[in-house]
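What follows is a set of notes on a single structure, which appears directly below.
Values below: every heavy atom of this structure, side chains too, minus hydrogens, waters and symmetry copies. Per chain, numbering begins at 1; letters A, B, ... match sequence-line order. What you see is a predicted model, and the numbers here were worked out from it, not measured in a lab.
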Amino acid sequence: MRKYLYNLINPVISEIDKESLPFLQFDIPQQEAHGDFSTNIAMIISKRLKKNPREIATTITNALTLDTNVITKTEIAGPGFINFFFAPAYIANRTTEILDSGSSFGKSAKNSGKKANVEFVSANPTGPLTVGHGRNAVCGDTIANMLEWIGYDVDREYYFNNAGRQMRVLGDSVKYRYRELLGETIEFPEDYYQGDYIKTIAQNLINEHGSSLLDENPEGKFKAAAEEFIFADIKKTLHSILIDHKIFYNENSLYEEGKIKNLLEQLKEKGLIYEKDGATWLKLSEMGNEQDKVIIKSTGEPTYRLPDIAYHITKFDRKYDLIIDLFGSDHNATYPDVMAALKSLGYPVEKIKVLIHQFVTITQDNQTVKMSTRKANYVTIDDLVEEVGNDVVRYFFNMRSITTHMNFDIGLAKKQSDENPVFYLQYAHARICSIMRNASEQHIEQNRENLSVLVVPEEQKLLKKLLIFPDVVLQSAELYEPHRIAMYLQELAEAFHRFYTVCRIIGSEKHVAESRLTLAAATKIVLKNGLSILGVSAPEKM
RNA sequence: GCGCCCUUAGCUCAAUUGGAUAGAGCAACAGCCUUCUAAGCUGUAGGUCGCUGGUUCGAGUCCAGCAGGGCGUACCA
């Protein structure tokens, strides 16, 4: 419908003021009285030509020749908006497009042939995934889904590091528990990993090796066992909320494949690093950032910046057209350094989109819960899924903009799971399935021949909602904003529930019943498609 | 101190990217089930869009300043 309008207006605008053409766009007015679409182009031209916008709008509308089967009327309103009213029958007949496309209604080939990489979660394997990781995990996966819907070939990637201090402490924590379980009296360090899973890992080692590992280096079998155990747990957790990364990229491989060494040589060659106080510094101040930072400590160990830069170079080497990094706000100070270095090395950094989500504040009994993996003070994603189910978890994290500092009340989430908005959407889907079952028993069949009978306001509202779905998907994906899909589905479900209340199918006149059933079928398709982007199931019964 | 983010109804959050009368859910109140699922629908009430200026046809949205909150600001990741 937008395209139709565009083709209609375009020639007229070209004649009045070619320069304004790029600004031509059509919005859906908030108020129904303002029509199905509106454009502010007259106001834009007005600014450039210094003419009265309403006069320009009149000129435009007078120049149009309308097919009243499609557009019944136009009007000029307010300061100079032009509003368009589509013919109800025309709208009703668009339903067939939804039915024909089915499970691919809403998909676009806009980016077909392009490859995207979405890096998310990327938590080091030191403990189970917590509710704190939930937002990153769910939003990352949903963004990947959205990109697939607009044509990208998407790789989901998880970057981790099993070499640093964190992991050393982890291995040592296991060894302490190992000795403890073998009867030794130990004093477990306060800043070591306190979680019970450490004991489980130690017990597993005892079952397998007995006491033969007492002389083993904590960084050897202990760390390896911990990493393996915890990673298996993380993958299982992610899988339970429908997340399966294709690539697990280990920082170690950057060293093993000589990528770190290559990078250092490149940086040296371009004069971007220097030595001071026994450490190697990156000249970030010359790249426009605040201050120089250390990339190799005086101990000879690199800081995280060096591997991070090398890692991102591999993403360029792997020929991605779009590279998405999803971080929590605690990383917001680190990526500008990496970006600056990549830019100085001549990489096309505009292909990288860094998305920062704000933290979810977890509250329990009116108290803020400060999550800490070290202190084993956390609520895990597993706990939450077990309590409320993966649909609620996925919907919850997807329903708010990632820029919002979201609040999550654990008690409320558990208690009010029945009232969670996700059920509102799923209920609409289940209702449709139920109608279809009943209609089938009554021998009412879908029929596209008489769709123009769908002119009741509730039918028209629902139809219009359905038809904008592809636009919503495209916009959400291009803005990397999953919550827009969730908001849209909420509105769609509302439109359906109203339709359901006012417009009966069984018992209505044959043509009406058949057409309404067809409309319900189209609604079912869109609900299911939308829910699948969010990773939420569409139940047949509730 | 500096950087990024946030401040909208009692609570949790939207707002078509600068559009017309700022909207949902929860909580509150009043209604609607002998007909397709009441996990639903209808209605009432609830607002100085943190504050002050500025930009323009038009500002919750952009700019400046101020106040409050979150996250950072390492030779940790």
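Look at K461(A) and E32(A) and you find a salt bridge, because one of the NZ, NE, NH1 or NH2 atoms lies within 4.0 Å of a carboxylate O, short of that distance.
Side chain of A430(A), nearest nucleotide from U12(B), U37(B), C5(B): U37(B).
Rounded to whole angstrom, the span from the NZ atom of K461(A) across to the P atom of U42(B) amounts to 9 Å. The CZ-P distance, from F23(A) to C57(B), rounds to 15 Å in whole Å. Whole-Å rounding puts the M487(A) CE to A22(B) P distance at 19 Å.
For R400(A) against U12(B), a side-chain N or O and a base N or O form a donor-acceptor pair under 3.5 Å. Side-chain to base pairing of H497(A) with C41(B): no donor and acceptor N or O lie closer than 3.5 Å to each other. Evaluation of atom-type donor-acceptor distances gives a pair under 3.5 Å for the side chain of S38(A) against the base of A20(B). No hydrogens or angles were tested; on distance alone, nothing pairs the side chain of D27(A) with the base of A20(B) as donor and acceptor under 3.5 Å. Within 3.5 Å, no donor on the side chain of D330(A) pairs with an acceptor on the base of G72(B), nor the reverse. Judged by distance alone with a 3.5 Å cut-off, a donor-acceptor contact links the side chain of S298(A) to the base of C75(B).
Nucleic acid contact for T334(A): base, since at least one base atom lies under 4.0 Å from a heavy atom of the residue.
A 4.5 Å side-chain heavy-atom check between P457(A) and F499(A) finds every atom pair outside the cut-off.
Glycosidic conformation of C63(B): anti, with the torsion beyond 90° of 0.
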Reading RNA chain B 5' to 3', what string of ( ), [ ], | and . shows its pairs, if Watson-Crick and G-U wobble pairs count only when both distances fall under 3.5 Å? (((((((..((((.....[...)))).(((((.......))))).....(((((..]....))))))))))))....
Steps toward side chain to side chain contact (heavy atoms under 4.5 Å, CB included) verdict (N162(A), E251(A)): CA-CA 7 Å; N162(A) 53 3; E251(A) 182 188 327; 5.7 Å; no
